[in-house]
Chemist: 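This is the structure I want to talk about, given as structure tokens.
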Amino acid sequence: MASLDIQGVRKSFGATKVLHGIDLAVRDGEMVVIVGASGCGKSTLLRIVAGLETATDGKVLIEGQDVTPLEPADRDIAMVFQTYALYPHMTVFDNMAYGLKIRGVPKAEIAARVKEAAEMLSIAQLLDRKPRQLSGGQRQRVAMGRAIVRHPKLFLFDEPLSNLDAKLRVQMRAEIRRLQKRLSVTSLFVTHDQVEAMTLGDRLVVMHEGRAAQVGTPMEVWSRPADTYVATFIGSPAMNLLPGTLEQGGAAVRLAGGALWPLADGARPGADGTKVTIGIRPEHLTVDGAEGVAMVVELAEPLGSETVLHGRLPDGTALTARVPGAAAAERLSLTPDAGALHVFDAGTGKRIDPA
Amino acid sequence: MQKKVIFRGVALPVALLLPQLLITGIFFFWPAGQAVWSSFLREDAFGLSREFVGFENFVDVLTDPNYLTVVWNTAVFSVSVAVLAMAVALFLAVQADKAIRAATAFKTLLIWPYAVAPAVAAVLWLFLFHPQIGIFGRMLNNAGIMWDYKINGGQAMTLVIIAAAWKQVSYNFIFFLAGLQSIPKNVLEAAAIDGARPFRRFWTIIFPLISPTTFFLLVVNLVYAFFDTFGTIHALTQGGPGLSTTTLIYKVYVDGVQNLNFGSSAAQSVILMVLVMAMTAIQFRFIERKVHY
Ligand SMILES: Nc1ncnc2c1ncn2[C@@H]1O[C@H](COP(=O)(O)OP(=O)(O)OP(=O)(O)O)[C@@H](O)[C@H]1O
Ligand SMILES: [Mg+2]
């Protein structure tokens with residue numbers, strides 16, 4: 001158990017800049033999820049924390065101690081890889097015991113700790129098998145087991161669930177969260193799946209092209225996205241982004257198509273006519289309101305309890321709405337819920353909050 | 001699913017197989033049969049008459065104290081060549097696997113010796129270690145070490161072992177490198193995180209994972225040392241001084257071609273043939289067990 005501090009970490013592979021200065025403080029026992037699109041540098045960041053890659057610049061501190069120059073072996077961390085990376089020639093028991101043997105833990109204690117971890121993960125009956133005799137889900141558990149027997153200061157997970165089928169994923173997700181809470185080990189969890197990120201993390205780091213676009217609790221990130229990238233990345237279906245301008249001294253926005261929507265949560269700073277990007281989540285659009293915009297439905301996706309409607313506004317802007325129950329109409333009038341509008345700078349994409 | 005092409009009739013498959021069968025027949029089964037047949041015959045010194053003597057040639061060979069010396073030489077030579085060639089190759093492969101820059105150049109250089117003909121390679125070693133004209137030979141003598149492989153049997157054996165092993169290092173290197181590169185990087189990283197230092201990682205992870213390659217190479221190297229080193233020995237020491245670098249295959253040549261003792265030479269070839277069949281059988285059995293760990 002320990003805190004983790006990442007300070008100004010940069011990384012380049014030759015001329016390719018992958019990380020542009022990441023700062024992150026993870027508290028003792030906290031689970032922080034790093035989420036972002038493929039290639040944004042999540043794995044690279046995790047591997048720098050593990051000591052498998054050397055940062056071009058910046059520091060990593062565990063429990064306040066600078067571990068930047070230390071080998072992975074000296075950092076007292078455990079990592080679960082996407083490919084599980086089990087030792088193919090060793091039994092499940094030996095896979096889990098390997099790190100303990102190296103650290104010279106007495107035999108009896110090794111046996112006890114492996115047994116405890118195996119029972120926690122319900123793989124006690126598999127201890128004599130070799131990895132090739134296990135299913136994907138079982139291998140995943142062994143990889144988890146290998147991490148937890150060590151009682152490390154830090155858990156690192158690099159997309160450990162992405163090779164599992166959908167059902168098993170949901171199950172393991174819950175299990176990892178339960179284990180992490182029970183052991184209260186400080187953890188970094190990398191994923192590109194936003195649902196996984198929302199459900200697992202105490203806090204999220206949304207990464208975008210080597211930068212931390214936003215750090216916050218799942219609800220903060222969802223309800224107050226820092227920029228248009230985070231806004232569209234978190235939440236499903238993605239938030240609608242519409243071009244518009246500020247009106248009425250910032251108290252309302254006018255869509256390019258003409259509709260005027262009041263900003264119920266407060267006026268935004270900026271002169272009338274300032275170009276902005278207006279964000280509205282599909283679930284925050286209500287059918288048949290007074291100030292409605294007309295949408296021509298092009299595609300309806302019924303999900304049972306609700307329907308996702310894809311369509312266009314009269315000026316051609318694409319719009320998505322999520323409405324309860326079944327919806328069969330071809331034309332709809334949609335109104336945003338009060339206070340549910342997000343306003344972003346049209347140029348930089350940064351969030352504009354009420355003054 | 002495996003798709004098999006099925007030919008109707010017999011003529012076409014036989015026609016297609018014929019060239020290969022002819023080659024195998026003419027160049028392998030026929031001489032091998034001749035050797036087996038000759039091993040039961042005894043010929044007089046002028047080659048005028050032959051008589052059938054049953055297993056007498058084999059009895060003579062196996063009770064000849066010289067033959068036992070040669071068996072011992074062969075064992076020492078083969079095991080040393082295999083161990084030396086494999087150890088050096090493994091060391092170099094581990095270095096090449098680590099090297100990021102200049103890796104290609106490194107690999108190319110290491111593969112060259114394999115393209116050198118045994119006799120040429122032997123002459124190269126001869127130039128290096130000749131007591132009077134060789135660089136290292138002179139150096140050793142100047143340093144006060146009596147070096148003359150033409151007189152000292154142990155030195156002669158050392159020289160042929162080094163020369164024979166040197167030629168085989170390239171082959172082993174290629175296989176070891178492929179074996180090392182097939183180990184997933186993540187597995188080694190997991191071991192590093194588990195606390196294993198490089199030396200420990202090598203012996204507990206890398207070495208066990210390349211053991212199938214190691215075993216395969218062990219058999220190949222032993223077979224090489226047994227049968228393919230004739231040229232090297234012939235060019236360097238001609239089996240001497242005395243019998244000190246005469247191996248089984250070299251003795252077959254000496255007895256058959258130089259001493260014209262065809263019966264004994266044939267019996268020795270048959271013994272060698274049985275040996276190589278045994279080794280091949282061991283190797284095939286092992287390869288058939290597809291899962292190695
Ligand atoms: N060893 C390397 N050499 C050169 N470039 C690399 C290396 N490792 C990663 N990169 C580059 O760094 C960038 C970030 O890679 P990284 O593996 O961190 O992405 P990621 O966010 O984990 O993506 P994914 O979700 O696909 O795993 C990529 O553009 C990748 O091509
Ligand atoms: Mg990755």
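The structure presented is a predicted model; accordingly, all values stated were derived computationally and were not measured.
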Chemist: List the atom of D74(A), the atom of R197(B), and the distance in Å for their closest heavy-atom pair.
Modeler: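 Looking at all heavy atoms of both residues, the shortest contact is OD1-NH2, 2.7 Å.
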Chemist: Of all heavy-atom pairs between A73(A) and G195(B), which one has the smallest distance, and what is that distance?
Modeler: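 Closest pair (atom of A73(A), atom of G195(B), distance): CB-CA, 3.6 Å.
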Chemist: Tell me if a side-chain donor or acceptor on R103(A) pairs with a main-chain N or O of D194(B) at a distance below 3.5 Å.
Modeler: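 Judged by distance alone, yes, a pair lies under 3.5 Å.
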Chemist: I205(B) vs Y98(A), test: side-chain contact (heavy atoms from CB on, under 4.5 Å). Steps then yes/no.
Modeler: CA-CA 11 Å; I205(B) 309 284; Y98(A) 186 70; 3.6 Å; yes
Chemist: Where on L86(A) is there a heavy atom nearer than 4.5 Å to chain B: the side chain, the backbone, both, or neither?
Modeler: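 Answer is backbone: N, CA, C or O of L86(A) sit under 4.5 Å from chain B.
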Chemist: For L52(A), is it the side chain, the backbone, both, or neither that has a heavy atom closer than 4.5 Å to a heavy atom of chain B?
Modeler: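 The answer is the side chain of L52(A).
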Chemist: Heavy-atom count check: over 12 atoms from other residues, nucleotides or ligands less than 6.0 Å from F13(A) CZ?
Modeler: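 More than 12 within 6.0 Å, yes.
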Chemist: So does K115(A) have more than 12 non-hydrogen atoms from other groups sitting under 6.0 Å from NZ?
Modeler: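 Check fails, neighbour count at 12 or below.
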Chemist: Quick check: do P88(A) and L209(B) have side-chain heavy atoms less than 4.5 Å from each other?
Modeler: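 Side chain of P88(A) against side chain of L209(B), heavy atoms only: contact under 4.5 Å found.
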Chemist: For the CD atom on Q181(B), are there more than 12 heavy atoms of other groups (residues, nucleotides or ligands in this structure) within a distance under 6.0 Å?
Modeler: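 Yes, because the 6.0 Å sphere around CD of Q181(B) holds more than 12 heavy atoms from other groups.
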Chemist: Are F81(A) and I193(B) close enough, and set up right, to give a side-chain contact (heavy atoms from CB on, under 4.5 Å), and what steps lead you there?
Modeler: CA-CA 11 Å; F81(A) 292 84; I193(B) 289 176; 4.3 Å; yes
Chemist: With a sphere of 6.0 Å drawn around CG of D165(A), does it hold more than 12 non-hydrogen atoms of other residues, nucleotides or ligands?
Modeler: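 Check passes, neighbour count above 12.
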Chemist: To the nearest 0.5 angstrom, please state how far the CD atom of E189(B) sits from the CZ atom of R47(A).
Modeler: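 Taking CD in E189(B) and CZ in R47(A), the distance rounds to 4.0 Å.
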Chemist: Using heavy-atom distances under 4.5 Å, tell me whether R75(A) contacts chain B through its side chain, its backbone, both, or neither.
Modeler: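 Contact with chain B is absent: no heavy atom of R75(A) under 4.5 Å.
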Chemist: Could you report the tightest heavy-atom contact between T204(B) and H89(A), atom names first, then the distance?
Modeler: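 Here T204(B) and H89(A) meet closest at O-NE2, 2.8 Å.
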